[in-house]
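Reminder, nothing fancy here: chain letters follow the sequence lines and each chain counts from 1.
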Amino acid sequence: MSDEIRRNMALFSIGSVMKLTDLTARQIRYYEQHELIVPARTDGNQRLFSFNDVERLLQIKALIEKGVNIAGIKQVLNPVSKDSEDATVITDQSGVKRKELDDAQLHKMLKRELLTGNRRGKVSLIQGELSRFLNHKS
DNA sequence: TTTCTCACA
DNA sequence: TGTGAGCA
């Protein structure tokens, strides 16, 4: 669990993130405007990204390449409180939590689509690049 | 030099 | 989204 801490601690400049994600600074800032990511700031108002942010950016990139728009990406990335909209739960003949179930399945479906083809390949590639970047650091 | 915000193509 | 201006 303390892994979360480190993931959110490592900080990169937007320039590093650009190289790591192949996104332009413009895109990165654009995604931030749409709340797809929420990087921290330095004293000089400089953006600081964590490993989590980088991974998030890579997911966003993958989704965009699949033709998903900002709104769609928000749905996949934003954990929209698990129980903040149970007001519209349908109570049909089969069950009581119809809507909730559908949301969960949809979310899982989208996530799977996003990661289809590189369950491990892309991730390890990313980590490899991160390591190379951190070690070379020249 | 790099990043930032803002505005226009 | 890209690009350029003017700052810090």
Practice prompt. Could I get the full list of side-chain contact (heavy atoms from CB on, under 4.5 Å) partners for Ser13(A), not counting sequence neighbours?
Written response: Ser16(A)
Practice prompt. Please name all residues satisfying side-chain hydrogen bond (donor to acceptor under 3.5 Å, both in side chains) with Thr21(A), sequence neighbours left out, ordered by chain then number.
Written response: none
Worksheet item: Is the side chain of Arg56(A) donor-acceptor paired with the backbone N or O of Leu36(A) at a distance under 3.5 Å, no angle test?
Response: yes
Discussion item. Quick one, His34(A) and Tyr31(A) - any side-chain contact, counting heavy atoms below 4.5 Å?
Written reply: no
Fill in: Members sharing Ile5(A)'s hydrophobic cluster (side chains within less than 4.5 Å)
Met9(A)
Item to complete: Measure from the side-chain N and O atoms of Gln27(A) to the backbone N and O of Thr24(A), and report whether any donor-acceptor pair falls under 3.5 Å.
Response: yes
Worksheet item: Which letters describe nucleotides 2-8 of chain C, given B = protein heavy atom under 4.0 Å from base, S = only from sugar-phosphate, - = neither?
Response: BB-----
Worksheet entry | Sub-4.5 Å side-chain heavy-atom contact between Ile28(A) and Ile37(A) | yes
Worksheet, complete the sentence: Ile60(A) atom CD1 is separated from dT1(C) atom C1', nearest whole Å, by 15 Å
Worksheet item: Less than 4.5 Å apart, any side-chain heavy atom of Phe12(A) and any of Leu20(A)?
Response: yes
Worksheet item: Hey, does Arg29(A) have a side-chain heavy atom less than 4.5 Å from the side chain of Gln33(A)?
Response: no
Practice prompt. Indicate, with a heavy-atom threshold strictly under 4.0 Å, whether Gly44(A) touches base, sugar-phosphate, or nothing.
Written response: nothing
Worksheet item: Is there side-chain contact between Leu23(A) and Met18(A), with at least one heavy-atom pair below 4.5 Å?
Response: no
Worksheet entry | Stem regions touching DNA chain C, defined by at least 3 consecutive Watson-Crick or wobble G-U pairs below 3.5 angstrom | B:4-8 with C:2-6
Item to complete: Give the first and the last nucleotide of DNA chain B, reading 5' to 3', that has any atom under 4.0 Å from a heavy atom of chain A.
Response: dT3(B) to dA7(B)
